[in-house]
Enquirer: 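I'd like to ask some things about the structure below.
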Amino acid sequence: MEVLKLPSLELQFNVSSPRPQFDWHGADLFSSYRILLFSYNSKGRSEPVILEAVALKGVAKFTGLLKQTLLGFNL
């Protein structure tokens, strides 16, 4: 799993796991991220599945209480 900060695409986190379970702590809740999930083996790396976790800005933050769980981390 790779986590890139948007819009700069700066690498924030990179981890491998023998199981499809990942933990990432320390995300800035006011930033947006692109999460790339992929697998690899002796034949190479798969095409990534791309997820985007987008932080709400301005007034949108105050329209209601929202708690989402994405891949085991609370955003």
Side-chain angles (χ1 to χ4, degrees):
M1 178 177 82
E2 292 180 354
V3 179
L4 308 173
K5 190 170 186 176
L6 296 175
S8 68
L9 298 179
E10 178 184 347
L11 182 65
Q12 298 292 302
F13 189 72
N14 184 340
V15 67
S16 297
S17 175
R19 301 182 318 267
Q21 179 180 343
F22 305 96
D23 292 316
W24 175 39
H25 303 281
D28 177 5
L29 298 180
F30 300 104
S31 295
S32 298
Y33 298 94
R34 180 172 293 160
I35 302 163
L36 291 87
L37 296 171
F38 53 88
S39 64
Y40 64 93
N41 59 24
S42 62
K43 295 181 181 181
R45 179 174 147 166
S46 70
E47 290 294 318
V49 172
I50 300 172
L51 306 170
E52 292 198 358
V54 178
L56 298 176
K57 305 275 191 239
V59 176
K61 291 188 291 189
F62 303 106
T63 58
L65 182 61
L66 174 67
K67 182 177 180 182
Q68 283 186 318
T69 301
L70 176 63
L71 300 176
F73 21 85
N74 292 321
L75 299 174

Enquirer: Which pairs with one or both residues in residues 5-21 pass salt bridge (charged side-chain N to carboxylate O under 4.0 Å, His left out), sequence neighbours excluded?
Expert: none
Enquirer: Asn14: which residues meet the side-chain hydrogen bond (donor to acceptor under 3.5 Å, both in side chains) condition with it, sequence neighbours left out?
Expert: none
Enquirer: Could you state the interatomic distance from CZ (Phe13) to CZ (Phe22), rounded to the nearest 0.5 Å?
Expert: 9.0 Å
Enquirer: Is it the case that one hydrophobic cluster holds both Leu51 and Leu9, taking links as side-chain heavy atoms less than 4.5 Å apart, direct or via other members?
Expert: no
Enquirer: Please tabulate, for side-chain N and O atoms in residues 34-41, each donor-acceptor pair with protein atoms closer than 3.5 Å (sequence neighbours left out).
Expert:
unit_1 : atom_1 : unit_2 : atom_2 : d
Arg34  : NE     : Glu52  : OE2    : 2.8
Arg34  : NH2    : Glu52  : OE2    : 2.7
Ser39  : OG     : Ser46  : OG     : 3.4
Asn41  : OD1    : Lys43  : N      : 2.8
Asn41  : OD1    : Gly44  : N      : 3.4

Enquirer: Test of understanding: clusters of I, L, V, M, F, W, Y form through side-chain heavy atoms closer than 4.5 Å, transitively. Do Val3 and Leu11 belong to the same one?
Expert: no
Enquirer: Should Tyr33 and Met1 be regarded as members of a common hydrophobic cluster, given that ILVMFWY residues are connected when their side-chain heavy atoms come within less than 4.5 Å of each other, either directly or indirectly?
Expert: yes
